[in-house]
Amino acid sequence: MQFVPPGRPLAAVVQVGPRGTINNYPGFNPSVDAEAIRKAIKGIGTDEKTLINILTERSNAQRQLIVKQYQEAYEQALKADLKGDLSGHFEHVMVALITAPAVFDAKQLKKSMRGMGTDEDTLIEILTTRTSRQMKEISQAYYTAYKKNLRDDISSETSGDFRKALLTLADGGRDESLKVDEHLAKKDAQTLYDAGEKKWGTDEDKFTEILCLRSFPQLKLTFDEYRNISQKDIEDSIKGELSGHFEDLLLAVVRCTRNTPAFLAGRLHQALKGAGTDEFTLNRIMVSRSEIDLLDIRREFKKHYGCSLYSAIQSDTSGDYRTVLLKICGGDD
């Protein structure tokens, strides 16, 4: 039997419309924009203000049309021109803005696995917050860019239960249905309890199978049922039963199930607090969520950390880099 649980209106399960800070620009004209960008880059000195205004006030789909128009009109790649004219973190975020979302994520995944050591937190963040459809597009973009399978690179850079869980997420097999099945939630909750709290040693595969394949609405109900059975919150059980990056990944899944914007607000807080800024994470979340849920991330940031995301960015960055991030942020709270 499939239903929405009592006391849980459908609206709480269904996301209504995008909650981004950037939308389609009305009266959009790619030729006019391409020409203005060309002038801003090729004039005497770079006109950063024009570049920022155009690229932060157009949706990604519109920016892709500007990129195409620019190439046709000037026989030059806009990305190459931006890279040649800008530098540092400002250049990185501007190039990110003109990159298609799946390609951008593919590049972020590649960077997190390149060179010495793997950036597990980035792998976890991307793979737990993207939809199944997005994951399939990312895998395709990854293969196109690097002529290698994302799966193969994850396999060679990670190990054990962490690897298994990442590969399950990378396959994009999570159920995206909004319907929930109460019987399945009870069954899965019991399976998780039997695989962890109830036995000596933990059956990690069961955790991976349920947490990496069930839909978020289904998992929400499962976690409620789990509390009924075990008298414990699933997060506490995961912390008690598991360890290392595998524990981190499953905790991220639980947090995304409950509130993805709050999870990402936490990642931004980490990136901005203390000495030095983690621009890699800051750029990625600001750009990749700007048309999805950045308004909600802003709300969660303010709620949990006592200051607005806008003011945190303002005090932690400077120059044109600060200007472009604040434009993407879209306002103070």
Side-chain angles (χ1 to χ4, degrees), residues 4-5 7-23 56 93 121-122 124-131 134 178 180 211 215-224 226-227 232-239 247-318 321-333:
V4 172
R8 194 183 296 244
L10 193 60
V13 180
V14 182
Q15 268 205 321
V16 187
R19 298 274 303 145
T21 54
I22 295 176
N23 303 298
T56 58
V93 81
D121 289 343
T122 297
I124 291 171
E125 178 208 302
I126 295 175
L127 269 64
T128 55
T129 56
R130 303 309 188 251
T131 64
Q134 284 173 318
L178 296 168
V180 290
L211 269 70
S215 72
F216 281 176
Q218 183 66 31
L219 283 176
K220 265 187 189 152
L221 190 59
T222 304
F223 299 155
D224 291 344
Y226 184 86
R227 184 184 275 281
K232 276 180 96 166
D233 187 75
I234 188 73
E235 279 201 38
D236 295 327
S237 291
I238 290 169
K239 285 174 188 167
E247 177 196 343
D248 296 338
L249 182 144
L250 293 187
L251 287 174
V253 171
V254 173
R255 285 162 192 166
C256 289
T257 298
R258 290 174 165 165
N259 190 334
T260 299
F263 170 73
L264 289 169
R267 293 279 296 149
L268 283 172
H269 180 65
Q270 285 292 121
L272 288 160
K273 73 171 196 182
T277 306
D278 172 5
E279 288 88 2
F280 181 53
T281 299
L282 180 58
N283 293 355
R284 179 178 57 256
I285 296 175
M286 295 301 288
V287 172
S288 69
R289 309 309 287 193
S290 60
E291 293 177 48
I292 300 172
D293 55 3
L294 192 50
L295 289 171
D296 296 323
I297 293 169
R298 271 169 44 180
R299 189 188 64 229
E300 295 295 337
F301 194 95
K302 178 83 186 248
K303 187 166 111 187
H304 291 281
Y305 308 110
C307 72
S308 67
L309 176 58
Y310 191 93
S311 63
I313 291 169
Q314 207 164 20
S315 64
D316 229 51
T317 57
S318 62
Y321 179 55
R322 174 200 281 165
T323 307
V324 69
L325 288 177
L326 293 178
K327 281 277 287 189
I328 297 168
C329 186
D332 205 347
D333 297 299

Any residue meeting side chain to side chain donor-acceptor pair (under 3.5 Å) with K327, in chain and number order, not counting sequence neighbours: N53, E57

Min side-chain heavy-atom separation L309-E300 under 4.5 Å: no

Chi angles and distances behind the side chain to side chain contact (heavy atoms under 4.5 Å, CB included) call for M286, L294: CA-CA 7 Å; M286 295 301 288; L294 192 50; 4.1 Å; yes

Pair R289 + D293: basic N to acidic O under 4.0 Å: yes

Residue pair L249 / T128: nearest heavy atoms and the distance that separates them: O-CG2, 4.2 Å

Side-chain donor/acceptor of R322 to backbone N/O of Q314, under 3.5 Å: yes

Name of the residue among D233, V253, V254 meeting side chain to side chain contact (heavy atoms under 4.5 Å, CB included) with I238: V254

Gap separating the CD1 atom of I313 from the SG atom of C329, nearest 0.5 angstrom: 4.5 Å

Note, T21 side chain near E291 side chain (heavy atom, < 4.5 Å): no

Residues E125, I285; criterion side chain to side chain contact (heavy atoms under 4.5 Å, CB included); working and verdict: CA-CA 9 Å; E125 178 208 302; I285 296 175; 3.6 Å; yes

Basic-acidic side-chain contact under 4.0 Å: R284, E279: no

Nearest heavy-atom neighbours spanning L295 and G20: CD1-O, 3.4 Å

For the student: nearest non-hydrogen atoms of D332 and R298, plus distance: O-NH2, 4.1 Å

Any donor-acceptor N/O pair, S315 side chain to S311 backbone, under 3.5 Å: yes

Euclidean distance, L219 CG relative to C256 SG, rounded to 0.5 Å: 11.0 Å

Intermediate values then yes/no, side chain to side chain contact (heavy atoms under 4.5 Å, CB included), K220 and D224: CA-CA 6 Å; K220 265 187 189 152; D224 291 344; 5.5 Å; no

Parallel, tilted or perpendicular: rings of H269 and F301 (30°, 60°): perpendicular

Heavy-atom side-chain proximity of N283 to Y321 below 4.5 angstrom: yes

Carboxylate-amine/guanidinium contact D248 K239, below 4.0 Å: no

D333 and K302 ion-paired at < 4.0 Å: no

G266 versus Y305, closest heavy-atom pair with distance: CA-OH, 3.1 Å

4.5 Å side-chain heavy-atom contact, T129 and R267: no

Validation row: R258, I234 side chains within 4.5 angstrom (heavy atoms): yes

Minimum heavy-atom distance between L282 and A271, given as atom pair plus value: N-CB, 4.3 Å

Min side-chain heavy-atom separation T317-T323 under 4.5 Å: no

L251/E235 under side chain to side chain contact (heavy atoms under 4.5 Å, CB included): CA gap, chis, key distance, verdict: CA-CA 6 Å; L251 287 174; E235 279 201 38; 4.0 Å; yes

Test item: side-chain donor near acceptor, Q270 and D278, under 3.5 Å: no

Pair R299 + D296: basic N to acidic O under 4.0 Å: yes

Heavy-atom closest contact (Y226 atom, S237 atom, distance): OH-OG, 2.7 Å

